[in-house]
Amino acid sequence: MAIPGNLLSVTTSSIEPNISGWTSRMNCTLARASGGRVGDGCLKLTSVAAGEMQARTFSWLPVSSGDLYFTFADASASAQPERIGIRWMDSTGAEISVTWSLTTAAASSSWHRVSVAGYAPVGAVHAQVLLSSTVAGAGVLHYWENIYPGRRSATRATCSASTPSRAGRSTAPRGRRRPTRA
């Protein structure tokens, strides 16, 4: 089932019926495994050697500089914690930067959510989702599914001295929460 606002196709997001929307970025092979939360399928990363392994979306997602984007995914791994990132690229596909989540505190073989949010930097017109973990050796497995990159509305909410407000109430538009910064 599609998640409203998801910039990925249903196949890429849910890993149903295949992994065609994903490719290895470094130090891993990819396969489709069973046992997912949303559907039966999930993305299985298998490390080739010790060190960081990463997978990325095959396609480039369109983004606009200055807009807030967020990405989450469900992950499962018994041996290592993980992180998720948004890779920002210019019109030629050159990497500008990567916005990474914090690495999870500990490994967990139970499905759990990993997320990150960040503003697209100046010059960014494309993005990719990155899935990452650092492993101790070859043959270590990590599972991902229910991947969602989305976009928040264009302008950052601001408040100035001339903006009228009612005591204790935000001047941000209703239904929208101001982003917090770490």
Side-chain angles (χ1 to χ4, degrees), residues 3 6-61 63 68-89 93-121 124 126-151 179-182:
I3 305 171
N6 194 340
L7 299 175
L8 297 177
S9 69
V10 174
T11 299
T12 304
S13 175
S14 67
I15 322 301
E16 299 287 345
N18 59 52
I19 64 165
S20 62
W22 293 93
T23 189
S24 174
R25 184 167 186 231
M26 68 173 64
N27 194 32
C28 65
T29 59
L30 307 181
R32 184 177 180 275
S34 60
R37 261 175 31 165
V38 176
D40 184 50
C42 58
L43 183 64
K44 178 175 77 172
L45 280 63
T46 305
S47 63
V48 174
E52 185 175 17
M53 66 176 172
Q54 289 183 9
R56 67 169 176 80
T57 48
F58 184 80
S59 299
W60 297 354
L61 306 173
V63 297
L68 178 64
Y69 292 84
F70 47 93
T71 299
F72 68 75
D74 295 333
S76 172
S78 60
Q80 69 284 330
E82 64 278 311
R83 64 184 180 158
I84 192 168
I86 304 171
R87 180 181 184 217
W88 309 107
M89 300 175 296
E95 182 176 298
I96 296 171
S97 64
V98 176
T99 302
W100 287 109
S101 69
L102 295 175
T103 301
T104 53
S108 174
S109 58
S110 299
W111 285 109
H112 55 280
R113 177 87 18 112
V114 183
S115 64
V116 68
Y119 289 97
H126 304 292
Q128 292 175 320
V129 176
L130 299 179
L131 309 174
S132 171
S133 61
T134 300
V135 298
V140 179
L141 305 177
H142 209 106
Y143 300 93
W144 297 87
E145 72 145 4
N146 195 31
I147 301 111
Y148 178 101
R151 176 183 162 271
T180 57
R181 298 198 183 207

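Since we're looking at a predicted model, the values are computed, not measured.
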Asker: Identify the heavy atoms of S110 and H112 that sit nearest to each other, and give their distance.
Answerer: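 Of all heavy-atom pairs spanning S110 and H112, the closest is O-ND1, 2.8 Å.
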Asker: Within the 4.5 Å heavy-atom criterion, are W22 and I15 side-chain neighbours or not?
Answerer: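 Yes, at least one pair of side-chain atoms sits under 4.5 Å.
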Asker: At their closest point, which heavy atom of I84 faces which heavy atom of A73, and how far apart are they?
Answerer: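 I84 and A73 have their closest heavy atoms at CD1-CB, 3.7 Å.
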Asker: Return the minimal non-hydrogen interatomic distance between G139 and T46, and the atom names on each side.
Answerer: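 Heavy-atom minimum between the residues: CA-CG2, 3.9 Å.
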Asker: As an exercise, state the distance from CD1 of I86 to CG of L61, rounded to the nearest 0.5 Å.
Answerer: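 So the CD1 of I86 and the CG of L61 are separated by 9.5 Å.
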Asker: Taking the basic N atoms (NZ, or NE/NH1/NH2) and the acidic carboxylate oxygens, is any pair closer than 4.0 Å for R25 and E95?
Answerer: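 Counted as a salt bridge, because a side-chain N and a carboxylate O are separated by less than 4.0 Å.
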Asker: Give the intermediate values and the outcome of salt bridge (charged side-chain N to carboxylate O under 4.0 Å, His left out) for residues R83 and E52.
Answerer: CA-CA 11 Å; R83 64 184 180 158; E52 185 175 17; 2.9 Å; yes
Asker: Run the numbers on R113 and E82 for salt bridge (charged side-chain N to carboxylate O under 4.0 Å, His left out), then give the verdict.
Answerer: CA-CA 10 Å; R113 177 87 18 112; E82 64 278 311; over 6 Å; no
Asker: Could you state the interatomic distance from CG (L131) to CD (E145), rounded to the nearest 0.5 Å?
Answerer: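 So the gap between those two atoms works out to 12.0 Å.
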Asker: Minimum heavy-atom separation for A79 to A107, with atom names?
Answerer: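 Scanning both residues completely, I find the closest heavy atoms to be C-CB, 3.8 Å.
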Asker: For residues T103 and P81, determine if any side-chain heavy atom of one lies less than 4.5 Å from a side-chain heavy atom of the other.
Answerer: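 Side-chain contact under 4.5 Å: yes.
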Asker: Donor-acceptor pair, N6 side chain versus I147 backbone, under 3.5 Å?
Answerer: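 Answer holds: yes.
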Asker: Taking the side chain as every heavy atom from C-beta outward, state whether S115 and T71 have any atom pair closer than 4.5 Å.
Answerer: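 No, every pair of side-chain atoms sits at 4.5 Å or beyond.
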Asker: Indicate yes or no for a side-chain donor-acceptor contact from R37 to the backbone of D74 under 3.5 Å, with no hydrogens or angles considered.
Answerer: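 No, the answer is negative, given that no donor and acceptor are paired below the 3.5 Å cut-off.
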Asker: With side chain to side chain contact (heavy atoms under 4.5 Å, CB included) as the test, would you mind laying out the steps for Q128 and F58 before giving the verdict?
Answerer: CA-CA 8 Å; Q128 292 175 320; F58 184 80; over 6 Å; no
Asker: So which atom in A49 and which in V135 form the shortest heavy-atom distance, rounded to 0.1 Å?
Answerer: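 Here A49 and V135 meet closest at O-CG2, 3.5 Å.
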Asker: State the CZ-CH2 distance between R87 and W100, to the nearest 0.5 angstrom.
Answerer: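 CH2 of W100 is found 10.0 Å from CZ of R87.
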Asker: Sub-3.5 Å donor-acceptor pair from the side chain of S47 to the main-chain atoms of G137, do we have one?
Answerer: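 Judged by distance alone, yes, a pair lies under 3.5 Å.
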Asker: Could you tell me whether a side-chain N or O of S76 sits under 3.5 Å from a main-chain N or O of S109, the two making a donor and an acceptor?
Answerer: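 Yes; judged by distance alone, with no hydrogens or angles, the pair exists.
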Asker: Within the 4.5 Å heavy-atom criterion, are W111 and C42 side-chain neighbours or not?
Answerer: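 Result yes, sub-4.5 Å side-chain heavy-atom pair found.
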Asker: Would you say that N18 contacts T11 through its side chain, given a criterion of any heavy-atom pair below 4.5 Å between the two side chains?
Answerer: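 They are in side-chain contact.
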Asker: When you compare the side chain of T57 with that of S59, does any pair of heavy atoms fall below 4.5 Å?
Answerer: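 A side-chain contact under 4.5 Å is absent here.
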Asker: Supply the atom-to-atom distance L45 CG to L141 CG, rounded to the nearest 0.5 angstrom.
Answerer: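 The distance works out to 9.5 Å.
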Asker: Specify the closest pair of heavy atoms between S101 and V116, including all atoms of both residues, with the distance to one decimal.
Answerer: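 Smallest interatomic distance, heavy atoms only, reads N-CG2, 3.4 Å.
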Asker: Step by step, would you call L30 with K44 a side chain to side chain contact (heavy atoms under 4.5 Å, CB included)?
Answerer: CA-CA 6 Å; L30 307 181; K44 178 175 77 172; over 6 Å; no
Asker: Taking atom NE2 of H142 and atom OG of S133, what is their separation to the nearest 0.5 Å?
Answerer: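 Here the interatomic distance stands at 5.0 Å.
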Asker: Can you check whether L130's main-chain N or O pairs, donor with acceptor, with Q54's side chain at less than 3.5 Å?
Answerer: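 No: the side chain of Q54 does not pair with the backbone of L130.
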Asker: Drop me the distance from S132's OG to Q80's CD, to the nearest 0.5 angstrom.
Answerer: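 Separation between the atoms: 10.0 Å.
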Asker: Could you check whether any side-chain N or O of S13 sits under 3.5 Å from a backbone N or O of N146, counting only pairs where one atom can act as donor and the other as acceptor?
Answerer: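 Judged by distance alone, no pair lies under 3.5 Å.
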Asker: Could you tell me if the ring centre of Y119 sits under 6.0 Å from that of Y69?
Answerer: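 Not close enough - the centres of the two rings lie 6.0 Å or further apart.
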Asker: Measure up the H126 and W60 rings against each other and bin them: parallel (under 30°), tilted (30 to 60°), perpendicular (over 60°).
Answerer: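 Ring orientation, 0 to 90° scale: tilted.
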Asker: Is any side-chain heavy atom of D40 closer than 4.5 Å to a side-chain heavy atom of E16?
Answerer: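 With C-beta onward as the side chain, the pair touches.
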Asker: Compute whether any side-chain donor of one residue and acceptor of the other, for W88 and T99, lie under 3.5 angstrom apart.
Answerer: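 Judged by distance alone, the side chains do pair up.
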